[in-house]
2 protein chains.
Amino acid sequence: MGIAERRARQKEALRSRILDAAGQLFVEEGFANVSLRKIAERIEYSPATIYLYFRDKHHLLTSLCGDTFAQLKTELERLENEERDALEGLRKGLRFYIDFGLEHPNHYLMTFCTPHEFYHQAASTPEFQHTNKIGLETFDCLRRALRRCRDQGLLEFEDLEATSQVAWTFIHGLTSLLILYYDDPHFPWVGRDRLIETGLDQILNGLRATAPVAS
Amino acid sequence: MGIAERRARQKEALRSRILDAAGQLFVEEGFANVSLRKIAERIEYSPATIYLYFRDKHHLLTSLCGDTFAQLKTELERLENEERDALEGLRKGLRFYIDFGLEHPNHYLMTFCTPHEFYHQAASTPEFQHTNKIGLETFDCLRRALRRCRDQGLLEFEDLEATSQVAWTFIHGLTSLLILYYDDPHFPWVGRDRLIETGLDQILNGLRATAPVAS
DNA sequence: TTGACAAACTGAACGCCGTTCGCTAAGTTG
DNA sequence: CAACTTAGCGAACGGCGTTCAGTTTGTCAA
């Protein structure tokens with residue numbers, strides 16, 4: 001039965017070509033500016049064919065986001081294993097997240113800055129579940145890094161979960177505004193690197209002291 | 001020459017009706033799901049008429065954002081004048097920003113989470129310049145609050161500009177993720193209020209210490 | 001009052017879009 | 001070779017943002 005396998009391979013190959021073309025175009029031109037007709041033209045198939053492989057345009061996106069996250073997660077885990085200094089590992093991880101977002105701006109925006117609205121209706125599709133799982137595992141890298149710092153007495157905080165989530169929202173805010181508005185000449189941005197490093201300082205500083213500062 | 005003035009008033013009135021309808025629909029259904037035909041239908045004019053008042057769909061958005069900011073700015077300035085404790089004023093201002101975003105989720109998303117791409121081609125239109133001016137003035141509230149805290153020795157940091165920008169990106173990250181994903185059952189969010197308060201603690205804590213924590 | 005002019009407004013169209021569906025043509029199987 | 005399966009596609013649907021020629025409405029000088 002080599003025939004069925006060859007067919008499956010060919011099907012998978014075309015699926016990959018669609019994803020590749022879509023990913024390139026999304027990154028080049030942004031999700032909203034890419035039509036299925038453009039993707040189809042690039043791979044020299046008809047638009048209708050894409051629907052034999054993906055439910056709709058959003059599912060192309062979801063699949064791509066899963067891949068992007070898998071990459072981020074891999075890098076973060078590599079960093080976790082390589083870096084012996086827990087605090088430095090945390091800082092490098094945060095910095096890597098930001099840089100990763102800046103290097104994949106369209107993927108990042110699509111994943112974290114776009115109203116999906118569809119996680120209810122689409123939550124049961126394999127693409128979505130896979131992407132979701134990877135996302136949670138990626139977040140777990142941050143959680144582990146923070147725990148490691150606390151266990152070693154390098155940082156102090158009460159609620160690991162709340163602290164991890166806050167840290168994520170902070171670096172997300174930095175990343176997304178850099179992507180969306182850093183090129184806006186009307187806002188008096190300080191240097192990109194200065195902004196990032198100041199942000200990292202602030203996050204790590206905020207976790208060092210013992211009591212909240214609020215009166 | 002009361003006629004010209006009456007005409008001007010009528011023109012302004014229709015402009016307002018368009019903006020009102022657009023604003024309502026955007027908030028109800030999200031920018032992407034609102035068509036000019038829907039707006040036109042609601043005000044009982046033809047879609048083409050809207051183009052006599054606004055250059056394109058994005059300019060409707062820009063004008064609305066300006067109004068939303070004006071409101072935010074007014075509230076922040078009121079707070080600034082009322083609160084005598086500088087640190088408490090800062091904290092309340094940050095908290096107000098977040099709550100404001102959560103109360104106007106679609107306006108917030110449209111303003112800060114949507115790729116505009118058009119600030120180059122449209123930077124010279126009055127709508128854009130007005131919105132931009134208000135936005136900068138709103139940011140200045142944060143800058144002033146931080147300076148005030150530093151002047152009174154309540155907080156310590158070197159670069160006022162970088163620190164203000166970082167603080168903005170942090171609360172923006174918190175706000176935008178709460179809007180977009182807090183209802184996602186797949187992510188183990190802690191309580192909304194706990195998250196916000198932990199975030200504010202972390203920001204203010206991070207500005208209290210003298211030296212960066214990084215080795 | 002009338003005719004010329006300007007301003008406000010619109011119907012119809014253009015060229016896109018995401019998506020669907022019935023058909024074709026090629027490949028596989030008994 | 002005939003029956004069947006499957007991949008792929010042309011053409012269409014309804015909707016989108018936007019444009020523009022043309023109509024209606026209101027104003028004003030003569």
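Below, chains carry the letters A, B, ... as their sequence lines are ordered, and counting in each starts from 1.
- Both the sub-6.0 Å distance and the 45° axial angle are not jointly satisfied by Lys57(A) relative to the ring of Tyr51(A).
- If you take OH of Tyr51(B) and P of dT18(D), they are 3 Å apart, rounded to a whole angstrom.
- Listed by first and then second residue, the side-chain hydrogen bond (donor to acceptor under 3.5 Å, both in side chains) pairs involving residues 130-139 of chain B are Lys73(B)-Glu137(B), Lys133(B)-Glu137(B) (not counting sequence neighbours).
- Across all strands, Thr49(B) comes closer than 4.0 Å to base atoms (heavy-atom distances).
- Ring-plane geometry between Trp189(A) and Tyr182(A) is classed as tilted, the angle between the planes lying from 30 to 60 degrees on a 0 to 90 degree scale.
- Considering only residues two or more places apart in sequence or on other chains, Arg194(B) meets the side chain to side chain contact (heavy atoms under 4.5 Å, CB included) condition with Asp159(A), Ala162(A), Val190(B), Thr198(B).
- With rounding to whole Å, Phe54(A) atom CZ is found 16 Å from dG18(C) atom C1'.
- Remark: Glu41(B) pairs with no residue by the side chain to side chain contact (heavy atoms under 4.5 Å, CB included) rule, at least two apart or across chains.
- Shown for residues 36-47 of chain B: residues whose heavy atoms fall under 4.0 angstrom of DNA chain D, namely Leu36(B), Arg37(B).
- Aromatic ring orientation, His104(A) versus His107(A): perpendicular (interplanar angle above 60°, classes split at 30° and 60°).
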* Under 4.0 Å protein heavy-atom contacts per nucleotide of nucleotides 21-27 of chain D, with B for base, S for backbone only and - for none -> ------S

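- Contact check, Ser35(A) against dC17(C): a side-chain N or O comes under 4.0 Å of OP1 or OP2.
- Each of Val34(B) and Leu52(A) was matched to the nucleotide of DNA chain D holding its nearest heavy atom; the match closer to the 5' end belongs to Leu52(A).
- Phosphate contact (OP1/OP2 of dG8(D), side-chain N/O of Tyr53(A), threshold under 4.0 Å): present.
- The side chain to side chain contact (heavy atoms under 4.5 Å, CB included) check on Glu44(B) picks up nothing, with sequence neighbours excluded.
- Rounded to whole Å, the distance from CG on Asn33(B) to P on dG17(D) is 11 Å.
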Under 3.5 Å, which donor-acceptor pairs do the side chains of residues 8-20 of chain B form with other protein atoms, sequence neighbours left out?
{"unit_1": "Ser16(B)", "atom_1": "OG", "unit_2": "Glu12(B)", "atom_2": "O", "d": "3.3"}
{"unit_1": "Arg17(B)", "atom_1": "NH2", "unit_2": "Ile43(B)", "atom_2": "O", "d": "3.2"}

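- The stretch residues 8-18 of chain B comes close to DNA chain C through Lys11(B), Leu14(B), each having a heavy atom under 4.0 Å from the strand.
- Summarising the geometry of Arg143(B) relative to Glu161(B), their closest heavy-atom pair is NE-OE1, 2.8 Å, with the distance given to 0.1 Å.
- Judged by distance alone, the side chains of His186(A) and Tyr181(A) never bring a donor and an acceptor atom under 3.5 Å apart.
- Qualifying ring-ring contact (aromatic ring centres under 6.0 Å, His included) partners for Phe69(B), counting only residues two or more places apart in sequence or in other chains: Phe112(B).
- Where the helix from dT1(C)-dA30(D) to dG30(C)-dC1(D) starts and where it ends, the local axes point in directions that differ by 20°; five pairs per end, rounded to 10°.
- Ring-plane geometry between His58(A) and Phe31(A) is classed as tilted, the angle between the planes lying from 30 to 60 degrees on a 0 to 90 degree scale.
- For the side chain to side chain contact (heavy atoms under 4.5 Å, CB included) test, residues two or more places apart in sequence or in another chain that qualify with Ala22(A) are Phe26(A), Ile39(A), Leu60(A), Leu64(A).
- From Ile98(A), atom CD1 reaches atom OG1 of Thr175(A) across 4.5 Å, with rounding to the nearest 0.5 Å.
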Where do N or O atoms of nucleotides 3-5 of chain C meet protein N or O atoms at under 3.5 Å, pair by pair?
none

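- Here the shortest heavy-atom pairing between Glu83(B) and Arg148(B) reads O-NH2, 2.9 Å.
- Rounded to an integer number of Å, the gap from NZ of Lys57(B) to P of dC16(C) is 19 Å.
- Glu82(A) CD: more than 12 foreign heavy atoms inside a 6.0 Å radius.
- Here dC9(C) presents its C1' atom at 12 Å from CD1 of Ile50(B), a figure rounded to the nearest Å.
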